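Keep in mind it's a predicted model, so treat the numbers as computed, not measured. First the proteins, then the strands, lettered A, B, ... as listed; each starts at 1.
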There are 2 protein chains.
Amino acid sequence: MIHLTRPSPTLKEVAARCGVSTATVSRVINRDRRISEETSKRVLQAVEDLGYSPNPFARGLKTNKSRTIGFIVPEFTNDFFMRIARGIESRLRQDGYTLVICNANENRNDEAARLDLLLDQGVDGVIVIPSSSRGAHLRAADARHVPLVLVDRVVEDYQTDAILVDNINGTYHAVEAALAKGHKRIGFIGGNMDLTSARERLAGYTRALEDYHIPFQDEYVFFGDFHQDSGYELMGQLLALAHPPECVFLSNVFMHLGAAKYLLEHQQAKRRVPELIGFDEMDFSSSLGFCTIMVRQPIEEIGKIAAETILDRIRGNHHPSRIQRLKTEIVQFDRKNK
Amino acid sequence: MIHLTRPSPTLKEVAARCGVSTATVSRVINRDRRISEETSKRVLQAVEDLGYSPNPFARGLKTNKSRTIGFIVPEFTNDFFMRIARGIESRLRQDGYTLVICNANENRNDEAARLDLLLDQGVDGVIVIPSSSRGAHLRAADARHVPLVLVDRVVEDYQTDAILVDNINGTYHAVEAALAKGHKRIGFIGGNMDLTSARERLAGYTRALEDYHIPFQDEYVFFGDFHQDSGYELMGQLLALAHPPECVFLSNVFMHLGAAKYLLEHQQAKRRVPELIGFDEMDFSSSLGFCTIMVRQPIEEIGKIAAETILDRIRGNHHPSRIQRLKTEIVQFDRKNK
DNA sequence: ATTTTTCATGCCATCGATTGCACAATTTTC
DNA sequence: GAAAATTGTGCAATCGATGGCATGAAAAAT
């Protein structure tokens, strides 16, 4: 096989082509303003002509920067995580950064391994949606002076920047709205209690009940794992109670999906179907009339802010670590079909 | 702020620590077997002690390899694509490669831009799920001698390795199974006809009708865009016909979701609900009794094979480009609840 | 006992871009 | 009009790892 194309041109060739030194070309490319307008133009023309683009390895070697950010998610096949990824990526792109997404398979070991890999690859910063509430292994980033920000959840044993939503108030307002509709018996299906987001949502629920003087009833509260099957399962358990709740809060969209599926499969004319409320859009559930109240998170915004936070750190801002809480919004649906 | 940690150790420091040259250390790290067992051990111990890991930039500069593969998907928030990503990533990890995933936003321009970015970043190979049937811009990879493999779809104007499923036979067998169940009127909701996968699925449908001497009826065939809304919409149109089909083939899982949603919302006791058949698992639809026949693709396997194909190319195999077609499997469900 | 081969390791040029320093040319200041 | 400041550019060291070539020692062949 004959290669008709030459290897990528280097700085030297660009320099030779327009009779300046490599230093000058480098400066033009890096927008060093000391270079005269005129030479600048000549150099850029040569860059264009040769189709030059800087060798990322050589550049990285000198600058120790890769213009690359790592993003560790618990799981690839999760719409919520990937929408955050989209938010991050589109913001980073504006600044010429590339995002490297890794899958932690929802376990701490893989998370640690991915982080090490990313650090070894020379990323300039790391964004993590932690898979558990432990985060000591994340200090590896500090050791290399690579900034790290958490998204959606925080960890106990490691303090750093974090972008979260206001889970407590989000849940509070949803439950409050359900109470306002006259519901007295409100069930709660929680997520993996190892995760701060799950714990905060429970806190919002209990606080709302307290404030409205509704007794907290153990039998109305179940804990799943944020996956669809647990929503299905636990909805069944709630409906099997002597006095099933009139309304059930689902802590995330996957459990909501499971719950909705349970309701569909077990719909009986005589029995009253509980309303479903919970975090995130469940288009299916709402158009079926199950979902009446949802807590909407600004998902892409979370990603955007995470990206901006990490860029800020990379650019050397050394203010103390900060937790940013984004507001949620309550959306109500009519209960059609019922 | 005082940094208590030192910068990462270099080869030189490791070499100094155990009294050998940097070349020796480098050889140990790269498993050059010329080095004696004994020195090897000493060096590895020092590597361990210092927590040394090679500078990726320096290494890349010399070797022109990054141990990084790019993956361009049309859209992040698509379970099918991300399952392929998972398959790719877990296979690449075995060989110590990292995957960089990019979002083409379902358009050719972004796809081209992402590819350029990846090439500029020095990836060793690129895997692409093309967003359209045109692929001339993908030649940019050839120009830099970076291997590129396509997944799920091929493009017209650029020939390279591709991993696909047998869309024609998959569809054929699904339709055949529906005919075997006694259905005569089988509708078809196709995807974006610009994509080869969509065209092949149509071909499987028409071929099955032909083989079984069922006249092809234009009014039973609609084309959507692989998104949920189009499935919803087109299912409505099919049901509005004077003689609606008894069975409808959905060309992907999102349109299937939309169709199922339409059925749920418009269920009427008097009207017979058509069976849904189509590509990929639609857990919801099947447990509701809508979905009776599905074409299962080996999704993670597609990713695995794509990864192996690109690794093979990176290792210098220059055989002519090849298209690998994976077999699909027909899964049938009972029609419960009806 | 030489000569040849094999083995283990070291020396150092190299990859391509960046950047501190030097220096010449030009402009500004007094 | 001389000194000082500014501007534009080049020189060359540098980042850290790799690998061709050289070398000396040990093993094998004659």
Side-chain angles (χ1 to χ4, degrees), chain A residues 6-47 50-68 96 119-124 144-145, chain B residues 6-47 50-68 96 119-124 144-145:
Chain A
R6 283 155 293 100
S8 305
T10 69
L11 259 198
K12 210 190 279 188
E13 300 175 45
V14 177
R17 193 174 216 274
C18 49
V20 297
S21 71
T22 61
T24 301
V25 179
S26 170
R27 288 184 183 120
V28 170
I29 286 169
N30 294 297
R31 298 213 179 67
D32 186 322
R33 56 189 156 41
R34 289 176 305 177
I35 302 296
S36 71
E37 190 65 26
E38 194 197 358
T39 16
S40 231
K41 222 171 249 168
R42 265 199 0 266
V43 169
L44 290 174
Q45 183 61 50
V47 165
L50 294 172
Y52 169 81
S53 77
N55 180 312
F57 305 119
R59 175 179 269 181
L61 182 56
K62 266 310 270 191
T63 63
N64 218 20
K65 292 267 163 294
S66 62
R67 302 189 77 73
T68 284
L119 295 173
D120 283 350
Q121 293 252 346
V123 295
D124 296 345
R144 307 241 209 148
H145 311 306
Chain B
R6 283 154 294 102
S8 305
T10 69
L11 260 198
K12 209 191 278 189
E13 300 174 45
V14 177
R17 193 172 215 271
C18 47
V20 296
S21 72
T22 61
T24 301
V25 178
S26 169
R27 287 180 185 124
V28 170
I29 287 169
N30 293 298
R31 296 210 181 69
D32 186 322
R33 57 190 155 43
R34 289 177 307 179
I35 302 297
S36 72
E37 190 64 27
E38 193 196 0
T39 15
S40 231
K41 222 171 247 168
R42 268 202 354 268
V43 169
L44 290 174
Q45 183 61 48
V47 165
L50 294 172
Y52 168 81
S53 77
N55 181 312
F57 305 119
R59 176 178 268 183
L61 182 56
K62 268 308 272 190
T63 63
N64 217 20
K65 291 268 163 294
S66 62
R67 302 189 75 74
T68 284
L119 295 173
D120 283 350
Q121 293 252 348
V123 294
D124 296 345
R144 307 240 209 149
H145 310 306

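- Inter-residue side-chain proximity for B/V28 and B/T39 is flagged as unmet; no heavy-atom pair is nearer than 4.5 Å.
- Where DNA chain C meets chain A (any atom under 4.0 Å from a heavy atom), the bounding nucleotides read 5' to 3' are C/dG16 to C/dC21.
- Residue contacts shown for A/N30 are limited to sugar-phosphate atoms, with no base heavy atom under 4.0 Å away.
- Less than 4.0 Å separates DNA chain C from no heavy atom of any residue of residues 52-59 of chain B.
- Among all heavy-atom pairs drawn from B/I29 and B/Y52, the shortest one is CD1-CE2, 3.2 Å.
- In plain terms, the two heavy atoms of A/N64 and B/N55 that are nearest each other are OD1-ND2, 4.5 Å.
- Considering every non-hydrogen atom in both A/R59 and A/N30, the closest pair reads NH2-OD1, 3.5 Å.
- Within the nucleic acid shown, B/G19 comes within 4.0 Å of sugar-phosphate atoms alone, with no base atom in reach, counting heavy atoms only.
- When every heavy atom of A/D124 is checked against every heavy atom of A/S66, the shortest pair comes out as OD1-N, 2.9 Å.
- No side-chain heavy atom of B/E13 sits under 4.5 Å from any side-chain heavy atom of B/V25.
- Here B/N64 lies out of heavy-atom contact (under 4.0 Å) with every strand.
- B/V25 comes within 4.0 angstrom of nothing in the nucleic acid, heavy atoms only.
- Nearest approach of B/T22 to B/K12, heavy atoms of both residues: CG2-CA, 3.7 Å.
- At a threshold of 4.5 Å between non-hydrogen side-chain atoms, the residues A/L11 and A/S26 count as touching.
- Under the 3.5 Å distance criterion, with hydrogens and angles disregarded, no donor-acceptor pair is assigned to the side chains of B/T68 and B/Q121.
- Scanning both residues, A/R34 and A/R27, for their nearest heavy atoms gives NH2-NE, 3.1 Å.
- Protein chain A contacts DNA chain D from D/dG8 to D/dG16, reading 5' to 3' and using non-hydrogen atoms of the protein with a distance under 4.0 Å.
- Residue B/S36 is in sugar-phosphate contact alone, with no base atom involved, counting any heavy-atom pair closer than 4.0 Å across all strands shown.
- Within the model, atoms CZ of B/R42 and CZ of B/R17 stand 12.0 Å from one another, a figure rounded to the nearest 0.5 Å.
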